[in-house]
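Below: the structure, in structure tokens.
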Protein chains: 2
Amino acid sequence: MQRPLETLDPNLLKGLREHVHERLRQAIIAGQLPTGMLLNERKVAAELGVSTTPLKEALRRLELEGLVRTEPRRGIRVTFDAGQAEEMALARAALESMVARLAAARITDEALDNLRGITEGMKKATQSGAVSRLIELNEAFHDAIHAASGCHYLKRLLVGQLIYDKAARRFLLGDRDERGRALVEHLAILAALEARDEDGAERAMRDHIVRSGKQHVQTAFERR
Amino acid sequence: MQRPLETLDPNLLKGLREHVHERLRQAIIAGQLPTGMLLNERKVAAELGVSTTPLKEALRRLELEGLVRTEPRRGIRVTFDAGQAEEMALARAALESMVARLAAARITDEALDNLRGITEGMKKATQSGAVSRLIELNEAFHDAIHAASGCHYLKRLLVGQLIYDKAARRFLLGDRDERGRALVEHLAILAALEARDEDGAERAMRDHIVRSGKQHVQTAFERR
DNA sequence: TATTGCGACTTGATATATCAAGATTCATGA
DNA sequence: TCATGAATCTTGATATATCAAGTCGCAATA
């Protein structure tokens with residue numbers, strides 16, 4: 001009996017411009033392309049080994065995400081600084097708390113059970129300091145709330161407001177106190193969802209994202 | 001003595017892709033390009049009298065704004081429907097209420113005086129049914145709060161979440177009850193700002209945008 | 001010595017050409 | 001008659017060429 005074939009790597013389904021966008025976004029957020037740097041389309045295209053067309057489209061998207069600004073006939077300026085990162089964290093807090101509010105109104109018992117399982121795992125990983133596992137669980141936690149809200153567009157908007165990469169998350173969660181704070185906050189969010197308390201879920205999520213966002217901004221820009 | 005020259009029309013400072021973006025966005029929101037329609041890049045470019053390059057860039061932006069979806073080798077699908085419009089209204093409510101919260105924390109006495117003046121004008125225009133004036137004042141009101149918050153990026157994000165055009169606004173504010181509700185809500189927002197009540201400003205703004213957003217979705221999709 | 005104008009150069013914006021990935025249609029074989 | 005494979009066509013994706021709008025540097029003039 002034939003086994004089903006495995007699905008293709010999702011990266012194979014992406015075009016050049018998505019790869020270019022991710023590569024540049026990552027380089028900006030990680031500080032490899034620092035604030036104020038002036039990029040040149042032809043040079044960046046040559047470095048990446050692509051033509052200017054997918055690069056332009058990627059740059060346009062980065063511009064909408066506030067990470068760069070086109071200065072016609074001068075170059076592309078990297079604008080990702082502490083102020084921009086703060087505003088992006090606020091945008092994310094705003095959107096995530098709206099999502100949490102809707103999730104509190106709409107969540108199923110199954111989804112709550114799933115979240116309980118995730119937070120049990122978080123407790124263990126927090127105590128043992130298993131940072132990679134904690135990152136996975138954190139993503140699963142937020143993904144589950146996104147799913148419960150049923151808001152695909154809000155989720156897509158959120159993706160553009162991320163201001164940290166995996167290295168930054170690992171760094172931040174390497175701190176024991178930070179792990180403790182994050183756990184308490186996730187548990188508060190869960191409690192509000194269990195109570196189907198819209199105001200409570202919104203507040204708990206906003207407080208969580210605003211606080212952890214501040215941490216990310218601080219570590220990203222005070223180690224530059 | 002020479003008088004200073006007048007500044008140029010800001011539209012002259014925009015490139016083709018911005019004009020194309022605005023034209024398409026307006027056509028989608030007004031229903032001229034209805035939900036589900038399949039657009040073809042070469043045809044649309046020819047209709048607009050431009051090449052496919054600025055059109056592609058405009059389409060990419062519309063895709064990020066959730067109004068269309070590219071189906072490679074098939075066409076560009078218009079995806080702006082009631083569900084998408086609802087999510088955009090929620091996104092706007094989320095962002096506007098974060099802006100209002102920050103404005104409540106940061107607003108100056110001068111800005112409050114300005115808002116009082118605007119709401120005085122709103123009272124008059126509401127009573128007299130001066131819809132165009134009311135639209136102007138509404139924009140000034142929200143612009144003033146945006147300015148008070150100091151968040152340029154959040155303001156730029158907001159622009160992409162608008163789901164109505166001038167015709168829709170005129171239609172909605174043509175209703176006397178709607179004008180009354182909007183006035184009450186604006187006054188509630190002002191009261192919270194005057195009290196520098198962050199939670200109150202956030203709630204009042206969110207309630208305002210969610211409610212008026214529902215109205216816009218209803219009138220936009222139930223008259224199709 | 002400083003200012004202004006002009007020419008050359010560089011860069012993003014846009015136009016056009018080409019590629020390639022499906023989609024559609026038609027023909028053939030079972 | 002239906003299913004499958006091949007050929008053709010259409011479309012978005014990408015590459016490349018060209019345009020034009022500044023920018024910069026240099027020379028001339030006051």
Side-chain angles (χ1 to χ4, degrees), chain A residues 2 5 7-25 27-28 33 36-80 156, chain B residues 2 5 7-25 27-28 33 36-80 156:
Chain A
Q2 184 216 329
L5 303 172
T7 56
L8 286 168
D9 184 343
N11 280 320
L12 295 176
L13 303 177
K14 289 173 176 173
L16 275 177
R17 68 168 174 269
E18 281 185 87
H19 289 291
V20 168
H21 170 263
E22 280 169 20
R23 181 68 58 91
L24 288 175
R25 182 174 225 283
I28 290 168
L33 299 176
M37 182 177 187
L38 203 60
L39 305 172
N40 168 308
E41 281 187 6
R42 288 181 175 87
K43 284 175 183 165
V44 174
E47 279 181 43
L48 294 173
V50 300
S51 79
T52 52
T53 312
L55 176 65
K56 276 185 196 300
E57 297 208 355
L59 288 172
R60 211 62 60 214
R61 183 171 178 178
L62 291 169
E63 188 161 22
L64 290 174
E65 288 169 355
L67 303 187
V68 301
R69 177 182 69 243
T70 298
E71 299 181 357
R73 291 163 290 277
R74 294 179 79 183
I76 314 294
R77 184 81 61 183
V78 176
T79 52
F80 182 63
R156 290 213 315 274
Chain B
Q2 183 215 330
L5 302 171
T7 56
L8 286 168
D9 185 342
N11 279 319
L12 295 176
L13 303 177
K14 288 173 176 173
L16 273 178
R17 68 170 174 266
E18 283 187 87
H19 289 291
V20 169
H21 172 262
E22 280 170 18
R23 181 68 58 90
L24 288 176
R25 182 174 225 282
I28 290 169
L33 299 175
M37 182 177 187
L38 203 61
L39 305 172
N40 169 308
E41 282 187 6
R42 288 180 175 88
K43 284 175 183 163
V44 174
E47 279 181 42
L48 294 174
V50 299
S51 78
T52 52
T53 314
L55 176 65
K56 276 185 196 302
E57 297 207 356
L59 288 171
R60 211 61 60 214
R61 184 172 176 178
L62 291 168
E63 188 161 22
L64 290 175
E65 288 170 352
L67 303 188
V68 300
R69 178 183 69 241
T70 297
E71 298 180 1
R73 291 162 289 279
R74 295 179 78 182
I76 315 294
R77 185 80 63 181
V78 176
T79 51
F80 183 61
R156 291 213 314 274

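Here is the naming used below: chain letters follow the sequence lines, and residue numbers restart at 1 for every chain. Any value given below was found using the heavy atoms of this structure, including those in side chains, with hydrogens, waters and symmetry copies removed.
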Q: Go through A/Lys14 and A/Glu22 one step at a time and tell me if the side chain to side chain contact (heavy atoms under 4.5 Å, CB included) criterion holds.
A: CA-CA 11 Å; A/Lys14 289 173 176 173; A/Glu22 280 169 20; 2.6 Å; yes

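- Where DNA chain D meets chain A (any atom under 4.0 Å from a heavy atom), the bounding nucleotides read 5' to 3' are D/dA13 to D/dT23.
- Summarising the local packing, CZ of B/Arg23 is surrounded by 12 or fewer heavy atoms from other residues, nucleotides or ligands at distances under 6.0 Å.
- Contact check on A/Lys56 versus B/Glu57 returns no salt bridge, with no Lys/Arg side-chain nitrogen under 4.0 Å from an Asp/Glu carboxylate oxygen.
- Across residues 55-63 of chain A, A/Lys56, A/Arg60 each have a non-hydrogen atom less than 4.0 Å from an atom of DNA chain C (numbered order).
- The residue B/Thr70 sits close only to the backbone: its heavy atoms come under 4.0 Å of sugar-phosphate atoms, none of a base.
- Residue B/Arg42 is in base contact, counting any heavy-atom pair closer than 4.0 Å across all strands shown.
- Of the possible donor and acceptor atoms, one in the side chain of B/Arg77 sits under 3.5 Å from a partner among the backbone N and O of B/Gly36.
- Nucleotides of DNA chain D nearest to A/Leu16 and A/Arg73 differ in position, and the one nearer the 5' end is that of A/Leu16.
- Of the residues listed (B/Val68, B/Thr70, B/Leu55), the one engaging B/Arg60 in a side chain to side chain contact (heavy atoms under 4.5 Å, CB included) is B/Thr70, and it is the only one.
- The residue from A/Glu18, A/Glu63, A/Glu65 that alone fulfils the salt bridge (Lys or Arg N to Asp or Glu O under 4.0 Å) condition with A/Arg25 is A/Glu65.
- The 5' end of DNA chain C is approached more closely, in terms of each residue's nearest nucleotide, by A/Arg74 than by the other of A/Arg74 and A/Thr53.
- Looking at heavy-atom distances under 4.0 Å, A/Leu38 makes no contact with the nucleic acid at all.
- Between A/Leu38 and A/Glu71, some side-chain heavy-atom pair lies under the 4.5 Å cut-off.
- Proximity of A/Val44 to A/Ile76: side-chain heavy atoms (C-beta onward) are nowhere separated by under 4.5 Å.
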